[in-house]
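Counting starts at 1 for both ligands and their atoms, following the listed order. What you see is a predicted model; the values in this text were computed from it and never measured.
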Amino acid sequence: MAEKKINNLRKNINEVDASIVKLLAERRKLSKKVVETKEENDKPIRDLEREKKLLSKIISLGKKSGLDSHYVSKIFYDILEDSIRLQQKHFQSSFFDNGTDVIRVAIQGIDGSYSSLAAKKFFAQFEKEIIFITKKRFDEVAKEVEEGRADFALLPIENTTSGGINEVYDLLLHTTLSIVGEEIYQVKHCLVGTKDSTIGKLKKIYAHYQAASQCDKFLSTLPNCAVEYFADTAMSVQKIEEENNPEFGAIASEDAANLFNVKILQKGIANQEENYTRFIVCSRKTQDIDFRIPAKVSLVMATAHTSGSLVNALTVFKTHNVNMGKLESRPILGNPWEEMFYVDFDGNIKDQRIQDMLDELGIHTRFLKVLGCYPSRDITKAKLIHLHEENKETNEQKIAEPEPKKKKAIKRSYKLASREYKPEDTIIKVRDVEIGGDNFIVIAGPCSVESHDQVFACAREVRENGGQILRGGCFKPRTSPYSFQGMGFEGLDELEAAGNKYDLPIITEVLAPEQVFDVAKQADILQIGARNMQNFSLLKEVGKTHRPVMLKRGMMSSIDELLNAAEYILAQGNRQVILCERGIRTFETATRNTLDLGVIPFLREMTHLPIIVDPSHAIGVRDKITPLAKAAKVVGAHGIMVEFHPDPPSALSDADQALTFEQYKNLMDELDRL
Ligand code: PEP
Ligand code: MN
């Protein structure tokens, strides 16, 4: 009897479920129509006010029908999320369409990892088969996309319990990829074991360090159990399955446990039940986001060295009425006690208001790189209502008046290098040395680093006779391929050690894009030589580093070309460029090149960047260098760079122009008297 009754009730439930599914499909069709109609009428697609009203209406309706508000809002959050995905899909599907039925997604970890689950969630809307390209490290994941073996990379960026994922933040600084999407995934950690395991039997738990830190309260209840870190959650499950030892457990998702057919010993072991990870989707191309969907921009910046510069930078967001969602700081490698700031804010990069804000922000930063513009996903259920409140104002403004105040456009082919863009002098600080403004500095050292003794003797000379920066070429651009090509990284090690011993920042030339990253680890300033002034791929590469760059004027280049070359570096994000006049080719043969001092007052007017004069390469003979160096100071340069050698005749490069130590000392005395 009871059996029959239950069967009947079940039948009724099945019918209700079928109607729910039908109604959901119906709702989806309707919201699709809304998107299409709104698009035809050029109306904003998302109506956050309506979403908020809808939710409160539904909640009160639910209450009347005996359903609690948490339950109703949870379900309707998912329903609203589905509509948002639908809208985003509508505007983004052409971007994500690679012309095939499959999409290649690079992830860290294996199938079953949280990254793979988040990728499945994100890409489900584009109805393509996903081929995972699985890698052990985050940098390898980015490389797969950079080198074209994958279409997209999906990387975890932050977790609501354990915070930012540092390796991914650091990776974003150097990658050429752009963020084109985000996904929020609810992480539900379980303790798993093999079929004969029980919690009591466990002696060792394999876990990803992030997972372990998110479950550390639970783990502390198992004092006899050691935790061994593992690169990936799903891989730790694979490991216990392979080892098949009841004393070994792992922390992983329920899906990973099911995929590998292991036993779930306990569910919900995370410190916080509401545990979400935000993932970013990266691509080689940047994405154009339609004005009618809410968008977000991520950037990374380093503020100027002056006090209060972070406050000044953050004030720019406020004065432009831009809603900042996130601020995360990371130390800058090689610059102790200095930090890069990662910022997320609401806005569309195509919006003139946002462009104006970025321009102003650039003035307060020495590094500024936009990481991407992408449609924003609503954050967490808990934040839903709150977020709507916050977004309301900026969203309405953004859509109703996308182009407010017009700023006078800078017409030149270079903008960031110009005085019009930044009226005050740029002052670049390297260790304790300030380059630019009212300072006059001296960079000195050998043309090439030749040996330990040679470069240490030179460094000592700089320290004792008042120079500020030690120079030395390790990769030499020689006219003849048979001439000495420099000591390479071995020379750089010596230069670095000499700089450290005598507490001098070092500058050295980079010749090729593939060297830049490694040279930037050791050198305080990167030099681009005259022969490479228009090597645009090299300029772009140094533009991605956080090291100041000294750009030497090409021997056949106008100052307009010099400033445009500087713009290549600045536009990549690196706002620390020093210009160098080192002589140009004319019909004159008495001098190695013709030092063009006449351009210094022009450059001082045209640009805010510091300008250094190199009389050594201009004149080419040692006893004519001093008068030119003095002239450079008088005419308004921010410093000079000269070459010297402990034994000039034996120098392996540019022997004729190398000053003796004696001559260098006299030069410094004469400069002091000016
Ligand atoms: C140098 O400074 O060592 C050098 C090679 O200079 P330039 O590029 O000006 O010839
Ligand atoms: Mn030289």
Starting from [atom], which protein heavy atom do you reach first, and at what distance in Å?
atom: atom 6 (O) of ligand 1; answer: Lys552 NZ, 2.9 Å
atom: atom 3 (O) of ligand 1; answer: Arg471 NH2, 2.8 Å
atom: atom 8 (O) of ligand 1; answer: Ala530 N, 2.7 Å
atom: atom 4 (C) of ligand 1; answer: His617 NE2, 3.5 Å

Ligand 1 contact by Lys476, heavy-atom criterion under 4.0 angstrom: yes
Name of the Asp654 atom (N/O/S only) found closest to the Mn ion (ligand 2): OD2
Of all N/O/S atoms in His617, the name of the one nearest the Mn ion (ligand 2): NE2
Aromatic plane relationship, Phe95 with Phe152 - under 30° parallel, 30 to 60° tilted, over 60° perpendicular: tilted
Whether Tyr421 and His608 hold their rings parallel, tilted or perpendicular, with breakpoints at 30° and 60°: tilted
Glu643: numbered ligand 1 atoms lying under 4.0 Å from its heavy atoms: 3 (O)
Atoms in ligand 1 with a heavy atom of Gly529 nearer than 4.0 Å: 8 (O)
4.5 Å side-chain heavy-atom contact, Ile525 and Arg547: no
Side-chain heavy atoms of Phe644 within contact of Leu667, under 4.5 Å: no
Sidechain N-carboxylate O distance under 4.0 Å for [X], [Y]:
X: Glu140; Y: Arg137; result: yes
X: Lys135; Y: Glu144; result: yes
X: Arg592; Y: Asp656; result: no

Pair Phe440 + His638: ring centers closer than 6.0 Å: no
Angle subtended at the Mn ion (ligand 2) by Cys447 SG and Glu643 OE2, rounded to 10 degrees: 100°
Residue part near ligand 1, for Glu509, under 4.0 Å between non-hydrogen atoms: side chain
Within-cut-off N or O pair, Arg582 and ligand 1, under 3.5 Å: yes
